[in-house]
Structures are given as structure tokens and as C-alpha cells.
Amino acid sequence: MKAPPFLQGKITFENQVVPGFAAEVAAIPGGEGIFECLQCGTCSGVCSVAPYMDYTPRRLINMVRAGFKDEVLHSRTVWLCTGCYACAVNCPAGIHITDVMYALKRLAIRNGSHPRRFPIPVLVSEFIRNVRRTGRSNEAELVVRVAMKVNPLRLLRAAPTGLKLLRTGRMHIRGAKIEDPRRLDSMLESVSEAGK
């Protein structure tokens with residue numbers, strides 16, 4: 001008899017873990033507290049979306065420290081974090097766990113290893129791309145690009161709402177653009193380089 005999907009585990013062997021992964025995360029702004037975790041589980045207990053995560057925040061931090069890079073960066077946990085900071089407020093070690101989640105999000109996007117067809121990382125990537133190209137966020141273009149990469153059929157369901165927004169002037173097909181988007185892009189690039 002085959003075990004149900006939630007009981008089917010994947011065994012990671014010692015030669016598959018990445019020993020320097022925790023140091024890599026700790027070097028990213030926001031990831032500094034990774035080594036201070038007491039593994040008490042308070043963060044997981046107060047997290048309102050923990051039941052929907054594939055790994056609880058406590059377990060994810062432990063996986064980072066153990067070098068489970070592939071599992072951590074492909075995890076849905078970091079993308080489900082709402083950034084409410086309840087974990088940080090209640091953490092007895094004073095770790096800003098939400099900032100650790102943001103550090104992991106940045107690393108997953110940088111490595112291109114976020115979960116495929118999961119809307120949040122696609123939205124983040126497309127939003128950044130849109131702002132770098134035009135200096136502004138164009139909602140219509142953003143909605144279409146995200147839907148095409150995640151689930152094109154959603155466009156059909158969202159079409160009536162989109163048409164209402166266009167008709168009332170709350171959304172525009174042609175987005176605004178700043179005078180010189182290349183200057184903004186070079187500024188964002190230098191900030192990105194400084195953060196590495």
C-alpha cells in the first residue's frame with residue numbers, strides 16, 4: 001500500500017546538503033539572526049499561516065542551519081509569510097524571523113529556485129521588471145504577465161473586473177513612464193550590488 005502524499009518523505013543524504021548555506025543566508029541583510037534561534041517553536045505557534053506552510057518557520061530555520069538549500073529555496077513557506085511580524089514580536093531570542101523570510105525570498109529569486117507557477121514570486125519578479133523598465137508599475141501589464149506565467153485561464157475569470165476598471169479609468173492599458181528609466185535602473189543596480 002502506497003503512503004498518502006503528505007507522508008511520503010524525501011530523504012536527503014549528507015552529500016546533498018550545502019554546508020555554507022547558513023552563512024550565505026546570514027550574510028544577506030535580514031538573515032543575520034539565523035544562528036541565534038533557540039528552536040523553541042514560538043514563531044510557529046503564533047504564525048497565522050503556519051498550518052498552510054510546507055515547513056513551519058522553526059523547522060525552516062533549522063533546515064537552513066543544516067544546509068538543506070534546495071528544500072528551503074523551493075519551499076512555499078517563505079512565500080506564504082505575510083510579514084505580520086507576530087513571530088518577531090514573540091521570539092524570545094529577538095530574531096526578526098520575517099526578515100529572515102525576506103532574505104530567503106531574495107535568495108530564491110536570485111537563484112531562480114522559487115516554486116514554479118506559484119503566483120507570489122512571479123508577481124514579485126514581474127513587478128520589479130516592470131518598475132526597472134518604466135519607473136512605474138503598470139497594473140494591467142502586471143496582471144496579464146503574472147496570469148500568463150501562472151494560470152492563463154484566470155484571465156478569462158478576471159476579464160469582467162478588468163474591463164470595469166478600464167472603463168472607469170482606474171486601470172490603464174498604457175502605463176505611465178518616468179523621464180529616464182535607465183537612471184532609476186542604474187540606481188537600483190547599485191543598491192542591489194551593495195546588498196550582496
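Side chains are part of it too, since the values below use all heavy atoms of this structure and drop only hydrogens, waters and symmetry mates. Just so you know, residue 1 is the first one in the sequence shown, and it goes up from there.
Among all heavy-atom pairs drawn from I120 and W79, the shortest one is CD1-O, 3.0 Å. Heavy-atom minimum distance, Y102 versus G83: OH-CA, 4.0 Å. When all heavy atoms of G31 and A103 are compared, the pair lying nearest together is N-CB, 4.0 Å. Taking all atoms of both residues into account, the shortest heavy-atom contact from A26 to I34 is CB-CG2, 3.9 Å. Heavy-atom minimum distance, G175 versus N138: N-ND2, 3.1 Å. Minimum heavy-atom separation, L184 to G135: CD2-CA, 3.5 Å.
Hydrophobic clustering, with ILVMFWY side chains joined whenever heavy atoms are under 4.5 angstrom apart, keeps L163 apart from L153. Both L80 and V64 are part of a single hydrophobic cluster, where members link through side-chain heavy atoms under 4.5 Å apart. With hydrophobic clusters built from ILVMFWY side chains whose heavy atoms lie under 4.5 angstrom apart, L156 does not share a cluster with M171. Cluster annotation: V78 is connected to F118 through the hydrophobic network of ILVMFWY side chains, with a link wherever side-chain heavy atoms come within less than 4.5 Å. In the hydrophobic clustering of this structure, F127 does not group with V144; members are Ile, Leu, Val, Met, Phe, Trp, Tyr whose side-chain heavy atoms approach within less than 4.5 Å, directly or through other members.
The backbone N or O of M63 lies less than 3.5 Å from no partner atom in the side chain of E71, so there is not a single donor-acceptor pair. In this structure, S190 contributes its side chain and M187 its backbone to a donor-acceptor pair below 3.5 Å. Looking at R106, its side chain never comes within 3.5 Å of a backbone N or O of M101 through a donor-acceptor pair. Of the possible polar contacts, none joining the S113 side chain to the H74 backbone as a donor-acceptor pair under 3.5 Å is found.
P92 is listed as a side-chain neighbour of L38, based on a closest heavy-atom distance under 4.5 Å. The shortest side-chain heavy-atom distance between V124 and H114 does not fall under the 4.5 Å cut-off. Contact check for T98 versus C81: side-chain heavy atoms found under the 4.5 Å cut-off. Side-chain contact between C91 and H96 is absent, with no heavy atoms from C-beta onward closer than 4.5 Å.
The distance from atom CG of L123 to atom CG of L142, rounded to the nearest 0.5 Å, is 5.5 Å. Between the CD1 atom of I178 and the CG atom of D180 there is a distance of 7.0 Å, given to the nearest 0.5 Å. Taking CZ of R170 as the start and NZ of K164 as the end, the distance is 12.5 Å to the nearest 0.5 Å. Separating the OG1 atom in T134 from the CZ atom in R129 is a distance of 10.0 Å, to the nearest 0.5 Å. For the atom pair CG of L188 and CD1 of I128, the computed distance is 9.0 Å after rounding to the nearest 0.5 Å. Distance check, rounded to the nearest 0.5 Å: CG of L73 to CD1 of I109 gives 11.0 Å.
Of the candidates K177, R136, R133, R133 is the only one forming a salt bridge (charged side-chain N to carboxylate O under 4.0 Å, His left out) with E141.
Shown here is L166, whose CG atom has more than 12 heavy atoms of other residues, nucleotides or ligands within 6.0 Å. The environment of F35 atom CZ is dense: over 12 non-hydrogen atoms of other residues, nucleotides or ligands sit within 6.0 angstrom.
Residues E24 and K69 are paired through a salt bridge, judged by an N-O separation under 4.0 Å between the basic side chain and the carboxylate. The pair D185-R132 meets the salt-bridge criterion, since a charged nitrogen lies less than 4.0 angstrom from a carboxylate oxygen.
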Requested in this report: Begin with the C-alpha distance, continue with both residues' side-chain angles, and end with the deciding distance and a verdict on side chain to side chain contact (heavy atoms under 4.5 Å, CB included) for H172 and E139.
Outcome: CA-CA 8 Å; H172 305 280; E139 294 89 3; 5.9 Å; no
Report task. Please step through side chain to side chain contact (heavy atoms under 4.5 Å, CB included) for the pair L60 and S75, ending with a clear verdict. Result -> CA-CA 9 Å; L60 195 77; S75 164; 4.0 Å; yes
Report task. May I have the step-by-step check of side chain to side chain contact (heavy atoms under 4.5 Å, CB included) for L104 and V100, ending in yes or no? Result -> CA-CA 6 Å; L104 292 171; V100 172; 4.2 Å; yes
**Report entry** Stepwise side chain to side chain contact (heavy atoms under 4.5 Å, CB included) check, V72 with F21
**Finding:** CA-CA 10 Å; V72 168; F21 181 51; 4.0 Å; yes
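A donor and an acceptor atom, one from each side chain of S137 and N130, are nowhere located under 3.5 Å apart. No hydrogens or angles considered: a donor-acceptor pair under 3.5 Å links the side chains of T77 and D54. Between D99 and Y85, the side chains place a donor N or O and an acceptor N or O closer than 3.5 Å (distance only, hydrogens not considered).
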